Amino acid sequence: MADKPHQNLAVIGHVDHGKSTLVGRLLYETGNVPEHVIEQHKEEAEEQGKGGFEFAYVMDNLAEERERGVTIDIAHQEFDTDEYYFTIVDTPGHRDFVKNMITGASQADNAVLVVAADDGVQPQTQEHVFLARTLGINELIIAVNKMDLVDYEENRYDEAVEEVKSLLDQVSFDTDNAGFIPVSAFEGDNIAESSDNTSWYDGETVLEALNDLPEPKPPTDAPLRLPIQDVYTISGIGTVPVGRVETGVLETGDNVSFQPSDVGGEVKTVEMHHEEVPNAEPGDNVGFNVRGIGKDDIRRGDVCGPADDPPTVAETFQAQVVVMQHPSVITSGYTPVFHAHTTQVACTIESIDSKIDPASGEVAEEEPDFIQSGDAAVVTVRPQKPLSIEPSGEIPELGSFAIRDMGQTIAAGKVLSVDEA
Ligand code: GDP
């Protein structure tokens with residue numbers, strides 16, 4: 001599995017439209033359901049004379065294990081197809097999805113949107129598509145699910161497709177990058193094999209569409225950006241910052257700079273999985289040692305980059321935000337906590353510059369007095385402590401953030417431009 005390119009896949013859609021069932025089906029069809037789950041339930045199914053109903057038993061078992069809180073949860077499931085090795089990232093609705101997606105813990109490359117044919121576009125369908133768009137998902141596979149419940153009727157499929165298309169238009173998502181497939185996750189239609197039940201459809205199956213996704217390009221061409229997760233002192237080595245390379249390459253001998261702490265030096269060693277390596281690439285979790293840097297010189301939330309192209313430190317920045325849930329209204333002067341890469345910094349929304357019409361992407365109102373749940377807006381933000389963050393147009397991996405208050409994620413956003421400190 002490991003030699004195939006890797007894809008982080010988000011499975012999004014309204015509750016009960018069949019996300020877990022589809023993931024279960026994909027695991028099952030690709031032979032990635034844990035053996036003990038299959039074995040145990042094959043036996044049970046056969047005992048009860050329902051040998052052919054294996055998948056239902058697998059799903060029951062996954063659900064049961066989930067209820068017991070033991071293992072199964074669709075997030076973090078893995079499966080491989082002919083082309084790729086997929087990891088299902090946190091799913092919206094999942095605790096901290098937005099924060100994880102933004103802080104990189106589960107940044108998705110592409111997504112499958114599940115829409116039940118008998119229910120169509122629902123509020124969460126809208127919210128998730130909006131979020132996927134804001135957070136930079138490029139390609140969508142739209143599984144129009146539960147076709148069995150609408151007797152596999154083409155016109156019911158077409159209706160659902162039209163609803164989704166107008167939603168995608170609303171958020172300016174290029175429908176050329178969206179593939180629609182009529183499926184029944186439960187019955188297995190058009191998942192691994194073309195179904196006779198939908199003879200009017202001659203497009204791809206879900207597995208074919210997954211295989212045809214573009215290969216995510218590791219951002220090795222961008223300058224090095226390595227947000228620091230922790231700083232250790234290890235005897236015999238010294239100070240060892242650890243973190244994940246988001247962009248670029250970290251190499252021994254490089255001259256690096258940590259921002260906003262504003263210290264730097266030469267990389268002496270890079271270690272990955274307890275072994276010394278000459279360099280590290282995007283996605284690699286590393287510990288490294290820099291000549292002359294002590295434990296108190298740097299901290300979590302610093303970003304390491306090349307000394308001649310150091311991470312940007314913002315005096316203020318302009319950002320596009322989407323308010324997801326806020327009990328009242330947001331006005332200028334509001335100072336919640338911003339979560340970006342490995343850092344958390346209180347930031348003041350200094351001004352609300354414009355409200356954006358999600359239908360057209362155009363400015364709907366200049367300098368509105370307030371924004372509230374469901375609104376998209378451009379705001380100017382002043383961090384209360386030095387914050388390293390990048391314009392998302394230049395380094396998307398370091399250009400998004402979640403805004404949290406009262407224990408929940410209230411908004412998500414991406415950085416449009418930075419006024420440097
Ligand atoms: P989620 O909340 O989006 O993860 O939805 P689930 O996967 O838990 O499915 C919700 C319900 O719809 C469950 O009772 C599933 O058995 C059922 N379901 C899912 N997919 C299908 C399908 O293709 N056909 C039918 N008839 N039911 C389905």
Side-chain angles (χ1 to χ4, degrees), residues 9-30 32-33 37 41 45 50 52-79 86-97 106 108 111-129 131-132 140-154 156-157 159-161 163-164 167 180-198 201 203 205-207 209-210:
L9 190 70
V11 180
I12 61 179
H14 195 69
V15 63
D16 276 350
H17 279 202
K19 296 182 294 294
S20 318
T21 309
L22 180 67
V23 171
R25 175 60 76 173
L26 287 168
L27 294 175
Y28 179 71
E29 298 289 352
T30 56
N32 286 287
V33 172
V37 176
H41 285 266
K50 291 184 181 173
F53 238 48
E54 227 173 85
F55 176 68
Y57 277 86
V58 167
M59 278 315 292
D60 280 354
N61 191 263
L62 294 182
E64 209 176 283
E65 294 206 13
R66 187 169 52 212
E67 266 162 33
R68 292 206 313 267
V70 188
T71 43
I72 306 287
D73 198 329
I74 65 166
H76 315 302
Q77 294 291 330
E78 303 190 333
F79 65 95
F86 287 93
T87 303
I88 308 282
V89 303
D90 268 355
T91 300
H94 217 251
R95 220 170 56 88
D96 283 343
F97 162 77
S106 57
V112 176
L113 169 66
V114 180
V115 182
D118 63 333
D119 206 22
V121 167
Q122 293 297 323
Q124 281 173 317
T125 321
Q126 247 160 333
E127 189 186 312
H128 293 178
V129 165
L131 209 52
L140 267 187
I141 295 171
I142 296 108
V144 177
N145 191 32
K146 305 197 186 184
M147 284 302 298
D148 55 302
L149 292 185
V150 297
D151 296 327
Y152 300 99
E153 279 180 26
E154 184 176 10
R156 296 296 296 274
Y157 169 72
E159 277 170 33
V161 169
E163 280 185 33
V164 175
L167 172 61
F180 293 83
I181 309 174
V183 307
S184 166
F186 198 79
E187 301 293 342
D189 299 287
N190 296 325
I191 307 287
E193 280 173 35
S194 295
S195 168
D196 293 339
N197 293 322
T198 53
Y201 172 78
T205 62
V206 175
L207 281 182
L210 288 171

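First listed ligand is number 1; within each ligand, the first listed atom is number 1. What you see is a predicted model; the values in this text were computed from it and never measured.
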**Asked** At under 4.0 Å between heavy atoms, which part of Leu149 makes contact with ligand 1: side chain, backbone, both or neither?
**Response** side chain
**Asn145, Asp189, Thr21: member with heavy atom nearest to atom 15 (C) of ligand 1** = Thr21
**Message:** Can a donor-acceptor pair be found, under 3.5 Å and without considering hydrogens, that links the side chain of Tyr157 to the backbone of Phe180?
**Reply:** yes
**Prompt:** Atoms of ligand 1 less than 4.0 Å from Ser184 heavy atoms?
**Reply:** 22 (C), 23 (O), 24 (N)
**Request:** For Ala185, take its heavy atoms, then give the atoms of ligand 1 lying under 4.0 Å from any of them.
**Result:** 23 (O)
**Message:** Is a donor from one side chain sitting under 3.5 angstrom from an acceptor on the other, for Asn145 and His17?
**Reply:** no
**Asked** Between Tyr152 and Glu187, is a side-chain contact (heavy atoms from CB on, under 4.5 Å) present by the stated rule, with each step listed?
**Response** CA-CA 12 Å; Tyr152 300 99; Glu187 301 293 342; 3.9 Å; yes
**Asked** Quick one: does Glu187 get within less than 4.0 Å of ligand 1, heavy atoms only?
**Response** no
**Prompt:** Does the N or O separation between Met147 and ligand 1 drop below 3.5 Å for any pair?
**Reply:** no
**Complete:** Asp16 heavy atoms within 4.0 Å reach ligand 1 at atoms 1 (P), 2 (O), 3 (O), 5 (O), 10 (C), 12 (O)
**Close N or O approach (Gly18, ligand 1; < 3.5 Å)** = yes
**Request:** Answer yes or no: are there more than 12 heavy-atom neighbours, outside Glu193 itself, under 6.0 Å from its atom CD?
**Result:** no
**Message:** With rounding to the nearest 0.5 angstrom, report the CD to CD1 distance, Glu163 to Ile142.
**Reply:** 13.0 Å
**Request:** Could you verify whether a donor N or O on one side chain and an acceptor N or O on the other, from Thr198 and Asp189, lie under 3.5 Å apart?
**Result:** no
**Request:** For side-chain contact (heavy atoms from CB on, under 4.5 Å), just list the numbers for Leu26 and Leu207, CA-CA rounded to whole Å, side-chain angles, deciding distance to a tenth of an Å, and then say yes or no.
**Result:** CA-CA 8 Å; Leu26 287 168; Leu207 281 182; 3.8 Å; yes
**Message:** Closer than 4.0 Å to some heavy atom of His14 - which atoms of ligand 1 meet that?
**Reply:** 3 (O)
**Fill in**
Contact region, Lys146 to ligand 1, non-hydrogen atoms below 4.0 Å, reads both
